[in-house]
Structures are given as C-alpha cells and as structure tokens.
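A quick write-up on the structure given underneath.
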Amino acid sequence: MSFKITPFTVGLLETNCYIVTADNGDIAVIDPGDDPDKILNRIRDKENVKYIFATHGHIDHVGALLAVKKNCPKAKVFLPKKDIRFSPKPKIWGVLSEVTLPTIDIKYTDLKEGKNIPFGSDQFRVIRTPGHTPGSVCLLLDHALFSGDTLFYRSLGTTQFPGGDDKMLTKSKKKLSKLPPDTIVYPGHLRETSIRMEKRAGIL
Ligand SMILES: [Zn+2]
C-alpha cells in the first residue's frame, strides 16, 4: 500500500468523506458531502488535490463539491453523469433525488466502467454499480474499495429513493462479490468492512 486514507464524517447524515494521499503527495477527495470547512481544514496543500470524486449524486455526497473545487483549483471533478442534471442556473438541490449542479466554470468528467485513473504509483479503477442510484460507482484503489452507498457493513444500499433499482443492485452485488476477499470496503456511511466479511455474512 502506497497511499494513506483519512476518513471522517460530514453533515447531518454522517457521510464518510475520504481524503486519500498518494505516495507522490497527490490528493483525492471522495464524497465531499457537506461541511466544506471541515474538509478543507484537513488538506494542507490545496494545490495537491488532483481529484474530487462523487460515488453518486445524492446531496449528502456532493453537497460540498463546489466549495472544495473552488478552493482546490487544480482538481479534476469526477461524478457519474447519470445521477446529475446540469443547469446553467443551479436551482434548489433535490433532496436524495437527482441533484442539479451548475455547469459554470466547472468541467465534470463521467465515471465510466473500467476506467483507470492514475494516482501516484497506483490507480483508481471505476466499477459501475447501479442500483442505489442509476449512476452509482465504486472506486477500487489497490486493496481499498470506496463503495459509496452501494455496500455497507452488513447491508446493501437502499433502492427506495427515485432511480433506485433492485435488479440492478443485485447485478452490482454479484460484481462486487468477485473482488478479492481481502479488499477493504470504505463505505459512504458507518464503519469499514471487507469483501470477505460481507460474503460470510451473506450480504454479497
Ligand atoms: Zn445515497
């Protein structure tokens, strides 16, 4: 392992935001859901923020995205396009439905299946896992899986919000069950787990 993961919670829904630092000093921010100051205070050199990722478009995962991007000008912003509606004039953000983000001054990059995103001597691999939302993805960095709201400790993500789909989630679950058992899972809420533990518990 040649990177460091700093987890902490943000917002009322206690979303896990992750700051990942590569061996060359590059930084990735995953799921900046809320509390921009809390996130930015944890980043010493904002010029080193190379990526901002959203695992899906729910407001509790993207709420601080624009503020973080504003303060980290070099960061490339990745988010699943299927979850986001774009508008030149951002309106009220949907609560746990599609989120409207502004197109002004920000270029968003979609997270496509199998895409490899270089990060220090490692790389993030995009695994599309629709179900919780149409665009949900997991990000695999070596043995670490950032699972968003697709897989949690002892449960899968809910499909009860708009765009949720049980059949899709079942397919995504099968995909995740094929990952190496020692893959550590860093979910969007609550505690860490592993692929092995969730297979043993019958979740995967
Ligand atoms: Zn969600």
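Side chains are part of it too, since the values below use all heavy atoms of this structure and drop only hydrogens, waters and symmetry mates. Each ligand, and each atom within it, is numbered from 1 in the order the structure gives.
Taking the centre of each ring, Phe146 and Tyr18 come in below the 6.0 Å mark.
Cluster annotation: Phe119 is connected to Phe78 through the hydrophobic network of ILVMFWY side chains, with a link wherever side-chain heavy atoms come within less than 4.5 Å.
Here the side chains of Arg125 and Asn116 are in contact, with some heavy-atom distance below 4.5 Å.
Remark: the backbone N or O of Gly33 is not paired with any side-chain donor or acceptor of Asp31 at under 3.5 angstrom.
Restricting Asp149 to its N, O or S atoms, the one at the least distance from the Zn ion (ligand 1) is OD2. Among heteroatoms of the N, O or S kind in His58, ND1 lies nearest the Zn ion (ligand 1).
Look at His61 and the Zn ion (ligand 1): no N/O/S atom of the residue is under 2.8 Å from the metal.
Rounding to 10°, one obtains 100° for the angle at the Zn ion (ligand 1) between NE2 (His56) and NE2 (His132).
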